[in-house]
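Some notes on the structure that comes next.
Here the structure is a predicted model, which means the values were calculated and not measured.
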Amino acid sequence: MFPTQPITLKALIAYSLFLLICQPTFAVKGVERTLLTANELLSNRTNATNTQPLPLTAFLPQGKVNPLTSNSFESTSIDEVSFEGSIVLTPNINRSNLALTDENDLYRFEKKTRPDDFSNNRKVIPALNFDFVQSGDKIIPTIRRLTLSQNKHWDYILGVGKIWQEQGDLGFFRVAMPFALVEKNQNCVHNGVVSFLLNKEGITKVISSDFYYQISSETCIYFKADFWGTGSVDYQPRQIDSKIQIISRYQQEQYSTLPTKPLAVIKKTFPQLELSKVALASSIKEADMSRYGVIYQGNHYISACTTRAGNYPFCQQLVLPSYSTAKSLFGGVTMMYLAKQFPDIFSEKVSDWVKECSGEQWQQVTFSHLLNMSTGNYILSGHSSDEGAEHSQLFFGANTHKQKINYSCQYFPRKSTPGTKFVYHTSDTYLLGTALSAYIKAKLGVGADIFDHVLAEKIWLPLSLSDTAYSTRRTSDNFAQAFTGYGLFFTADDIAKLLLFISKQTTVIHSNTILNSEELTLVMQKGRSNTAMKSNYDFIHYQHGFWRQNVSKLLNCSAETWLPYMLGYGGISIVLASNELQYYYFSDSDQYIWREAIQTLNTISPICKNSQNENQL
């Protein structure tokens, strides 16, 4: 039950002092904080009206704290101070702030071609509505994947927060939680933190403060901005029936997380390694780099999560957008998985499975042509000429399947024979996802979903990927078609697991692989591929949704050496250097140059193809 009369600040502080005096086992001693203090949060006097955001250390425990672990209290069990139920965090529009940090050409392009998506209300975050349980010092939302909101501009992803108590918190318990804004119908991600206070006396009275939120980093090349503000907290305590399962799932996820080490550790082992090159410091500003890492012999060496306001407090949970790496990880991996069960899938005709693609230009175009972007249908064949044209916004700005499929099937005329010319079209991969959706419904049942029942269930689940990974951008109509060529979300741990998975598939006996070995070999082989599509650059090819680059001169290889890799819009690269070495970075720098990093990593693990083994992977 909530009090029927408003509680004044004076009465609230008096009540809190009573708790401190009468319940000493809940009190902690230490230095009081100066930012986001209990008085500020309780009296609606947070610094949201300041002209700039706070340092992110304000969201961390200050001084001596009570961390709410099971042995934190001398005479009170953890269950007596646990919180559980529903929370709605509603932003105060008048205290919502947004400050652009970079108005670049891409920002102006997006604003010009999608004006409705750049209204003044873009500064207001959605109401964050979630059920949660507490386990020790963890606040665990029941849903930790993409949540669609009623906000015009933003959806969101919640992470696992922490709860603790500080001396100056007037008997309240302090919560800090990570969250990410995800632009509607897009893949851009803005990572932030929210903080508020909760208190509980028995089961009859619950008191909460206002909340303060802040976003100081993003992986979004065309919209770089700080967000900060305040709002109200509505906490409704109730029993969550699936509490045990929620906690167990989170604990299992933590148990299966790959151990991480700072990159400085691998530098100690290999002094010749130049970490500035691994960080691509000469090409990418620190402010534009979200995260980067090296997987070497199964060990994950990883960067910090830098932001404009200091290091991100929940670095392990930083949400990373896939962008076009989904063409590899969704389109390519799914095709290679299905080819194991249905060997003829690469030669299936698009027009047999997508009724909208019944025109003359789609005759003889196969699933393989879509995956390899060699349909023969295009307007301009220059590097990203079609993809970067204003008409592409008819596709990227569309939110229904009808709009996307009409563009994908009807916009481009036949210019060359299918399978002979590479032209980069994200719409081709969307078509592939549509065709695969129809195909698996015919093969596996009408209720089968290409993402949920193939990629997530058959690949993600055995790899124990994070909850974040179990969602994809879809069209907003009843068709709910997965975007396929972009629209996935990961953590750094997910990326490391996927890289190890793909690499290990090349070393497993063919009969024990879950991906089609012949098709995977075409991607992973270090020698020149006779079937890869040539791009506009002689040293870059494209095969099954993956890029391949000739690094022979870069690494002074005696035998011609090609490396498979993935790219994502804005400045994302994931490189499969060898079976024991992988590298990735996520940025919004508009830089796709990973060669400097691979050059220095070659000093710790030789990457060049062995001239004695023509089939080396």
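Trp164 is linked by a ring pair (Phe, Tyr, Trp, His ring centres under 6.0 Å) to nothing, counting only residues two or more places apart in sequence or in another chain. With sequence neighbours excluded, the residues satisfying salt bridge (Lys or Arg N to Asp or Glu O under 4.0 Å) with Glu274 are Lys277.
Using a cutoff of 4.0 Å between basic side-chain nitrogens and carboxylate oxygens, Arg33 and Glu40 are not scored as salt-bridged. Comment: Arg122 engages Glu183 in a salt bridge, judged by a side-chain N to carboxylate O separation of less than 4.0 angstrom. Comment: Arg238 does not engage Glu84 in a salt bridge, judged by the lack of any side-chain N to carboxylate O separation of less than 4.0 angstrom. For the pair Asp105 and Arg108, the salt-bridge criterion is met [side-chain N within less than 4.0 Å of a carboxylate O]. Classification of Lys184 and Asp117 as a salt-bridged pair fails, no side-chain N sitting under 4.0 Å from a carboxylate O. Taking a cutoff of 4.0 Å between a charged side-chain nitrogen and a carboxylate oxygen, Arg474 and Asp449 qualify as a salt bridge. A salt bridge is defined here as a Lys NZ or Arg NE, NH1 or NH2 lying under 4.0 Å from an Asp or Glu carboxylate O, and Arg308 with Glu218 meets this definition. The residues Lys123 and Asp226 are annotated as not salt-bridged, no charged nitrogen and carboxylate oxygen being separated by less than 4.0 angstrom.
Annotation: Leu263, atom CG; neighbour count of heavy atoms from other residues, nucleotides and ligands within 6.0 Å is above 12. Counting non-hydrogen atoms of other residues, nucleotides and ligands closer than 6.0 Å to CG of Leu463 gives a total above 12. With a 6.0 Å radius and a threshold of 12 heavy atoms from other residues, nucleotides or ligands, Gln150 has its CD atom at or below the threshold. Around NZ of Lys152, the count of heavy atoms belonging to other residues, nucleotides or ligands within 6.0 Å exceeds 12. Within 6.0 Å of NZ in Lys162 there are 12 or fewer heavy atoms belonging to other residues, nucleotides or ligands.
The closest side-chain heavy-atom distance from Cys188 to Tyr222 is below 4.5 Å. Side chains of Met566 and Ser324 form no contact here, defined as non-hydrogen atoms less than 4.5 Å apart. Looking at heavy atoms from C-beta onward, Ile302 lies in side-chain contact with Arg291 at the 4.5 angstrom threshold. Two residues are said to be in side-chain contact when any heavy atoms from C-beta on lie closer than 4.5 Å; Asp467 and Arg249 meet this criterion. A heavy-atom distance below 4.5 Å is not found between the side chains of Ile140 and Gln134. Within the 4.5 Å cutoff, side-chain heavy atoms of Ile207 are placed close to those of Phe172. In this structure the side chain of Val189 never reaches within 4.5 angstrom of the side chain of Phe490, judged on heavy atoms. Counting only heavy atoms from C-beta outward, the side chains of Leu461 and Tyr470 approach each other to under 4.5 Å.
Taking the centre of each ring, Phe396 and Tyr486 come in below the 6.0 Å mark. Less than 6.0 angstrom separates the ring centroid of Phe173 from the ring centroid of Phe83. Tyr569 has its ring centre less than 6.0 Å from the ring centre of Tyr323.
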Item to check | Worked verdict on Phe501 versus Ile459 for side chain to side chain contact (heavy atoms under 4.5 Å, CB included) | outcome: CA-CA 9 Å; Phe501 162 73; Ile459 307 294; 4.1 Å; yes
Checklist entry - Hey, mind stepping through Gln252 and Tyr255 against side chain to side chain contact (heavy atoms under 4.5 Å, CB included) and telling me if it holds? => result CA-CA 5 Å; Gln252 178 58 36; Tyr255 177 77; 4.1 Å; yes
Item to check | salt bridge (charged side-chain N to carboxylate O under 4.0 Å, His left out) assessment of Asp155 paired with Arg473 | outcome: CA-CA 11 Å; Asp155 296 320; Arg473 273 294 183 207; 2.8 Å; yes
Item to check | Trace of the side chain to side chain donor-acceptor pair (under 3.5 Å) decision for Ser290 with Thr219 | outcome: CA-CA 6 Å; Ser290 298; Thr219 311; 2.6 Å; yes
Checklist entry - Does the pair Leu128 and Tyr156 meet the rule for a side chain to side chain contact (heavy atoms under 4.5 Å, CB included), with working shown? => result CA-CA 8 Å; Leu128 306 179; Tyr156 60 89; 3.6 Å; yes
Checklist entry - Does the side chain to side chain donor-acceptor pair (under 3.5 Å) test come out yes or no for Tyr212 and Gln214, once each step is laid out? => result CA-CA 7 Å; Tyr212 176 85; Gln214 183 169 310; 2.9 Å; yes
Next on the checklist: Working note: Tyr583 + Val278, criterion side chain to side chain contact (heavy atoms under 4.5 Å, CB included); need CA distance, chi angles, decisive distance, verdict.
Outcome noted: CA-CA 9 Å; Tyr583 170 75; Val278 175; 3.9 Å; yes
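Atom CG in Leu89 sits 11.5 Å away from atom OH in Tyr213 (nearest 0.5 Å). Atoms CD and OG, from Gln481 and Ser476 in turn, are 13.0 Å apart once rounded to the nearest 0.5 Å. Atom CG of Asp210 is separated from atom CG of Leu41 by 7.5 Å, given to the nearest 0.5 angstrom. Taking CZ of Phe130 as the reference point, atom CZ of Arg144 lies at 13.0 Å (rounded to 0.5 Å). For the atom pair CZ of Phe483 and OG1 of Thr472, the computed distance is 7.5 Å after rounding to the nearest 0.5 Å. Taken from CD1 in Ile266 to CG in Asn299, the straight-line distance is 8.0 Å, to the nearest 0.5 Å.
Across all non-hydrogen atoms, the minimal contact from Thr90 to Val88 is OG1-CG1, 3.5 Å. Between Gly229 and Asn97 the shortest heavy-atom distance is CA-ND2, 4.3 Å. In plain terms, the two heavy atoms of Tyr585 and Gly571 that are nearest each other are CE1-O, 3.1 Å. Among all heavy-atom pairs drawn from Gly159 and Met177, the shortest one is O-CE, 3.5 Å. The shortest non-hydrogen separation linking Gly487 to Ser322 is N-OG, 3.5 Å. Annotation for Gly397 and Asn185: closest pair O-ND2, 3.6 Å, computed over non-hydrogen atoms.
With hydrogens and angles ignored, the 3.5 Å screen pairs a side-chain donor or acceptor of Asp588 with a backbone N or O of Cys220.
Using the six-membered ring where Trp is involved, Tyr235 and Phe132 have ring planes that are tilted, between 30° and 60° apart. Taking the six-membered ring where the residue is Trp, Trp154 and Phe227 present perpendicular rings, their angle passing 60° and hence far from 30°. Between Phe586 and Tyr584, the ring planes lie perpendicular to each other; the angle is over 60°, past the 30° to 60° tilted range.
Side-chain polar atoms of Ser217 and His190 form no donor-acceptor pair below 3.5 angstrom. Remark: the Asp131 side chain and the Ser86 side chain contain an N/O donor-acceptor pair separated by less than 3.5 Å. Side chains of Thr475 and Asp477: a donor-acceptor N/O pair is present below 3.5 angstrom, by distance only. If you check the side chains of Ser466 and Asp494, you find a donor sitting under 3.5 Å from an acceptor.
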Can you give each donor-acceptor pair under 3.5 Å made by side-chain atoms of residues 309-320, sequence neighbours left out, with the distance rounded to 0.1 Å?
{"unit_1": "Tyr312", "atom_1": "OH", "unit_2": "Gly192", "atom_2": "O", "d": "2.7"}
{"unit_1": "Gln316", "atom_1": "NE2", "unit_2": "Gln254", "atom_2": "OE1", "d": "3.3"}
{"unit_1": "Gln317", "atom_1": "OE1", "unit_2": "Val160", "atom_2": "N", "d": "2.7"}
{"unit_1": "Gln317", "atom_1": "NE2", "unit_2": "Val160", "atom_2": "O", "d": "2.9"}

